[in-house]
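Report on the following structure.
Counting starts at 1 for both ligands and their atoms, in listed order. Please read these numbers as outputs of a predicted model, since none were measured by experiment.
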Amino acid sequence: MLSYWEQKNFLDYDLIVVGAGFTGLSAAIHFKSLRKKAKVLVLDRGVFPTGASTKNAGFACFGSLSELVDDFWTMTPDEVLQLVERRYAGLKQIRKEFGDKALRYQSRNGFEILTEASLKTLDELPGINRLLKKLFAKEVFSQVKNIKKLGFSDQVKAVVKNRYEGELDPGAYLNALWSKASKMGIRILSGVTVVEIDQDSGRVIAERKEKKEIFEFKGNQLAVCTNAFTQKLWPESPLEPGRGLILLSKPIAGGIPWKGAFHLDKGFVYFREVEGRLLIGGARNKDFEKEKTTEFATNPAIKAHLQALAKEIIFPEKTLEWEMEWTGIMAFGPKKSPIIQAIGKKTAVAVRMGGMGVALGWQVGKEVAEVLSDM
Ligand SMILES: Cc1cc2nc3c(=O)[nH]c(=O)nc-3n(C[C@H](O)[C@H](O)[C@H](O)COP(=O)(O)OP(=O)(O)OC[C@H]3O[C@@H](n4cnc5c(N)ncnc54)[C@H](O)[C@@H]3O)c2cc1C
């Protein structure tokens with residue numbers, strides 16, 4: 001039961017954002033920048049954001065060589081360029097906005113490992129570099145010369161470097177978004193699940209299940225930024241969830257002979273060094289159907305596959321011990337581009353980050369704020 005004061009002060013807003021991940025917080029910040037006096041509320045069901053933003057690998061990436069080669073099967077060259085441009089622009093903007101120190105950004109380059117099966121990708125390297133010339137001052141991809149010193153197994157036949165990729169700490173990025181939102185007077189309420197929205201009136205029904213509490217908020221406008229979990233609020237949304245698993249080793253004795261953000265298997269597998277540990281994740285392609293889920297749980301087959309890659313390809317000479325594992329949920333669809341559109345008189349969505357929300361979230365948040373402003 002709410003008091004008169006609570007009803008008067010806490011329920012009505014100019015904008016209510018559902019979802020407090022990278023995209024939702026970015027949308028709130030950009031909207032508030034456009035309309036300084038607006039009352040903005042962000043709601044999230046988790047105490048911390050509970051989707052992908054604080055569960056990812058922290059690759060500040062825009063597509064490995066083989067991923068981009070693969071994209072040409074489903075997209076035109078212009079579409080591939082647009083996608084890379086949007087992702088890279090997103091990365092540049094967050095670095096400019098928050099600074100490398102706050103993001104714990106490391107410019108250690110991106111790399112892709114090619115085995116016998118994928119070696120032919122090298123033939124495409126000059127052509128892709130030529131195409132990307134429109135966006136980058138220097139050649140993006142180059143072949144690493146001395147790969148022996150990296151300590152990988154003999155199965156690794158070539159390594160391709162991407163000079164424009166880096167790594168960040170996703171928790172630090174979220175902290176930076178929290179600080180900015182709080183300085184701007186944006187209210188964030190966590191631990192409340194939105195169970196219903198009215199896209200035309202801006203009514204939002206939210207609940208705190210364990211306390212059996214129901215809240216009815218009213219937004220002059222709504223932004224749905226719930227990525228993989230959007231179908232509950234917008235059932236016809238053209239997206240499906242894709243779960244991602246990450247394993248973190250204990251610190252590795254004798255150190256790690258490489259640094260940077262590594263891709264493998266057309267970007268489905270990724271690994272990096274985190275404070276002397278190996279972080280490895282992905283491999284959803286090993287069990288696509290089972291991984292189309294919003295449930296946070298480990299698929300044992302995928303875990304075994306990642307552990308085998310770590311042992312057989314990355315550290316053939318070392319014995320690894322594992323410290324932690326976790327999962328997060330992404331959103332995919334028939335197209336790799338995000339959905340940013342109005343879905344009612346008062347509501348817009350910004351969802352389907354396609355597994356690259358570190359780069360996309362800020363820019364997509366900006367675009368949905370503009371859509372709302374024009375409505
Ligand atoms: C394992 C893994 C590794 C990844 N690695 C990378 C990487 O290295 N680089 C990269 O660019 N991207 C990576 N990604 C993808 C990236 O993390 C996502 O694209 C990005 O975080 C999406 O941000 P978002 O804000 O759109 O969604 P989310 O972070 O999922 O935020 C959605 C929020 O909505 C909330 N929510 C959902 N439903 C409701 C509801 N009904 N009521 C209230 N709140 C609700 C959720 O709790 C959640 O906090 C990875 C993802 C995973 C899972």
Side-chain angles (χ1 to χ4, degrees), residues 16-28 41-64 87 90-91 94 110 165-170 173-174 177 188-197 204-209 215 217 223-234 239 241-248 261-263 267-272 279-284 291 294 296 298 302 306 325-332 336 338-340 349-362 364-365 368:
I16 298 177
V17 179
V18 189
F22 295 151
T23 311
L25 290 175
S26 302
L41 171 70
V42 185
L43 294 171
D44 202 286
R45 60 187 183 161
V47 170
F48 307 130
T50 312
S53 294
T54 49
K55 315 246 179 229
N56 63 65
F59 279 41
C61 57
F62 52 81
S64 66
R87 291 169 178 166
L91 291 175
I94 57 168
E165 286 192 348
E167 301 146 80
L168 53 70
D169 170 340
Y173 177 19
L174 206 97
L177 288 165
I188 304 171
L189 296 181
S190 51
V192 268
T193 303
V194 172
V195 287
E196 198 184 315
I197 55 167
V204 172
I205 308 293
E207 71 175 17
R208 222 151 63 103
K209 240 189 201 143
F215 303 89
F217 295 97
V224 177
C225 302
T226 45
N227 208 31
F229 310 91
T230 303
Q231 263 144 3
K232 286 205 173 127
L233 301 177
W234 179 36
L239 58 81
R243 183 167 59 190
L245 170 66
I246 288 185
L247 309 179
L248 188 72
F262 283 77
H263 307 261
F268 279 110
V269 175
Y270 38 86
F271 64 91
R272 61 181 277 202
L279 177 153
I280 182 167
R284 161 179 86 78
E291 295 309 288
T294 52
F296 293 84
T298 297
I302 290 180
L306 291 173
E325 66 190 50
W326 65 87
T327 52
I329 318 289
M330 298 163 276
F332 300 94
K336 281 200 169 175
I339 309 170
I340 309 161
V349 293
V351 295
R352 203 176 69 189
M353 296 305 122
M356 286 220 190
V358 170
L360 285 175
W362 180 253
V364 168
V368 77

Should [X] be listed as contacting ligand 1, given a heavy-atom distance under 4.0 Å as the test?
| X | value |
| --- | --- |
| Gly355 | yes |
| Gly58 | yes |
| Trp326 | no |
| Cys225 | yes |
| Lys232 | no |
| Thr327 | no |

Look at the side chain of [X] and the backbone N and O of [Y], then say whether any donor-acceptor pair between them is shorter than 3.5 Å.
| X | Y | answer |
| --- | --- | --- |
| Glu291 | Gly244 | no |
| Ser53 | Phe22 | yes |
| Arg45 | Thr50 | yes |

Test of understanding: given a 4.0 Å heavy-atom threshold, classify the contact between [X] and ligand 1 as side chain, backbone, both, or neither.
| X | answer |
| --- | --- |
| Lys55 | backbone |
| Ile246 | side chain |
| Val192 | backbone |

Heavy atom of the protein closest to [atom] (residue, atom name, distance):
| atom | result |
| --- | --- |
| atom 51 (C) of ligand 1 | Met330 CG, 3.3 Å |
| atom 8 (O) of ligand 1 | Phe59 N, 2.9 Å |
| atom 33 (C) of ligand 1 | Asp44 OD2, 3.5 Å |
| atom 23 (O) of ligand 1 | Ser53 OG, 3.2 Å |

Under 3.5 Å: N/O of [X] near N/O of ligand 1:
| X | result |
| --- | --- |
| Thr193 | no |
| Ala20 | no |
| Gly357 | yes |
| Val194 | yes |
| Met353 | no |
| Val18 | no |
| Arg45 | yes |
| Cys61 | no |
| Thr226 | no |
| Gly244 | no |

Please list, chain by chain and in numerical order, all residues satisfying side chain to side chain contact (heavy atoms under 4.5 Å, CB included) with Ala261, sequence neighbours excluded. Phe59, Glu167
Qualifying residues under side chain to side chain contact (heavy atoms under 4.5 Å, CB included), relative to Phe217, sequence neighbours excluded: Leu11, Tyr13, Ile16, Leu41, Leu43, Leu189, Val204, Ala206, Phe215
Under the criterion side-chain contact (heavy atoms from CB on, under 4.5 Å), I'd like the reasoning laid out for Trp234 against Ile339: C-alpha separation, chi angles, the key distance, then a yes or no. CA-CA 12 Å; Trp234 179 36; Ile339 309 170; 4.2 Å; yes
State, with a plain yes or no, whether a side-chain heavy atom of Leu279 is found less than 4.5 Å away from one of Ile246.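 Counting from C-beta outward, Leu279 and Ile246 do come under 4.5 Å.
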Find out whether Thr23 and Val351 are in side-chain contact, i.e. whether some heavy atom of one side chain is under 4.5 Å from a heavy atom of the other. no
